Number of protein chains: 2
Amino acid sequence: MFIGEYKHTTDAKGRISIPKVFRDDLGESFYIAKGLDQSIFVFAQKEWDEIQEKLRSLPLTSKKGRAFTRTFNAGASKCSLDASGRILIPQNLREYAGIDKDTYVIGVGTRVEIWAKDVWEQYNEDELSYDELADSMEELGI
Amino acid sequence: MFIGEYKHTTDAKGRISIPKVFRDDLGESFYIAKGLDQSIFVFAQKEWDEIQEKLRSLPLTSKKGRAFTRTFNAGASKCSLDASGRILIPQNLREYAGIDKDTYVIGVGTRVEIWAKDVWEQYNEDELSYDELADSMEELGI
DNA sequence: ATTTTCATGTTTATCGGTGAATACAAACAC
DNA sequence: GTGTTTGTATTCACCGATAAACATGAAAAT
């Protein structure tokens with residue numbers, strides 16, 4: 001279970017140190033993929049397998065299914081921690097997320113997300129206030 | 001499992017270097033064929049056999065089945081990596097995909113796809129908007 | 001037979017990824 | 001408070017993958 005918000009830095013080569021508390025849960029090797037809202041998703045192996053299972057069930061004959069599988073897989077890569085607990089964020093994902101140095105790594109329950117500092121802060125300002133979100137949650141039955 | 005997006009260049013002779021990470025999974029010899037959405041498909045032997053199996057099961061009486069089998073097989077060829085890890089993309093496929101120099105090689109799970117840079121970038125703009133991606137993910141419960 | 005063309009091989013240079021070492025900072029124990 | 005431990009940041013150096021250029025050789029054309 002991934003929780004918490006951590007401000008880390010991405011180095012000149014595009015590597016970022018994964019918060020210590022996430023490392024065990026991520027395991028030996030895990031996956032990084034293009035996320036939503038200009039973020040990067042990081043999935044543990046188990047979670048990844050479940051997603052792939054769902055993707056396999058999509059009909060290949062459907063244009064939309066092909067498109068999604070394609071985009072999702074193309075934007076993903078397998079990764080593992082180096083000796084210092086870092087991963088390399090692929091360049092295309094760095095560009096997508098607008099990451100160059102100041103970065104946030106946040107735990108979102110089933111996955112980890114990586115955000116450029118500016119994007120994350122902007123998102124928190126722009127998006128619905130926490131109170132408003134709480135109201136919406138009620139609609140979702142939480 | 002093929003994943004990731006790699007920007008490579010096709011040389012003047014129509015050769016392109018296959019990403020190192022794909023080479024083992026592709027094996028000694030593999031197949032290149034006309035793909036969908038103006039892309040080129042590359043299949044490992046095993047995957048190729050399965051496709052051929054499916055094609056064989058198509059009723060010979062079906063006009064569309066015959067046509068597809070014909071086009072698919074006619075446009076395909078067996079290939080292998082040269083000493084530098086490159087393959088030669090047959091000219092007809094290069095023309096079909098609009099490839100001349102800047103090229104993307106992407107992993108799509110069960111196969112590799114080769115795209116002309118412009119076509120791939122256009123496809124990503126057109127086909128799968130951000131909202132659609134989000135919706136698809138929601139349907140999948142991600 | 002000579003030239004031309006095309007496919008294939010080889011070499012070199014560059015750049016990005018990878019690893020290791022060190023420095024810094026925060027948390028904790030005493 | 002001081003010293004120790006642990007986690008993160010930074011830097012440097014190396015290695016390997018890719019790109020580009022060049023070389024070789026075979027087949028086709030004249």
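Since the model is a prediction, treat every value here as computed from it, not as a measurement.
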**OP:** Assess the pair Tyr96(B) and Trp115(B): is the distance between their ring centroids shorter than 6.0 Å?
**Re:** no
Original post:
With a 6.0 Å cut-off on ring centres, are Phe43(A) and Tyr31(A) close enough?
Top reply: no
Subject >> Check ion pair Glu50(B)-Lys54(B) (N to O, under 4.0 angstrom) >> reply: no
Original post:
Can you say whether the rings of Phe68(B) and Phe72(B) are parallel (under 30°), tilted (30 to 60°) or perpendicular (over 60°)?
Top reply: parallel
Please tabulate the protein-to-nucleotide N/O contacts below 3.5 Å involving nucleotides 8-10 of chain D, giving atom names and distances.
| from | atom 1 | to | atom 2 | distance (Å) |
| --- | --- | --- | --- | --- |
| dT8(D) | OP1 | Lys20(A) | N | 3.3 |
| dT8(D) | OP2 | Arg23(A) | NH2 | 2.6 |
| dA9(D) | OP1 | Thr9(A) | N | 3.2 |
| dT10(D) | OP2 | Thr9(A) | OG1 | 3.3 |
| dT10(D) | O4 | Arg86(A) | NH1 | 3.3 |

Tell me: [atom1] of [X] to [atom2] of [N], nearest whole Å?
| X | N | atom1 | atom2 | result |
| --- | --- | --- | --- | --- |
| Asp82(A) | dA21(C) | CG | C1' | 13 Å |
| Lys13(B) | dT18(D) | NZ | P | 21 Å |
| Asp102(B) | dA20(D) | CG | P | 8 Å |
| Ile87(B) | dA19(D) | CD1 | P | 13 Å |

Subject >> Heavy-atom side-chain contact between Thr103(B) and Thr9(B) under 4.5 Å >> reply: no
Subject >> Listed once per pair and sorted, the salt bridge (Lys or Arg N to Asp or Glu O under 4.0 Å) pairs that draw on residues 67-83 of chain B, sequence neighbours left out >> reply: Asp82(B)-Arg86(B)
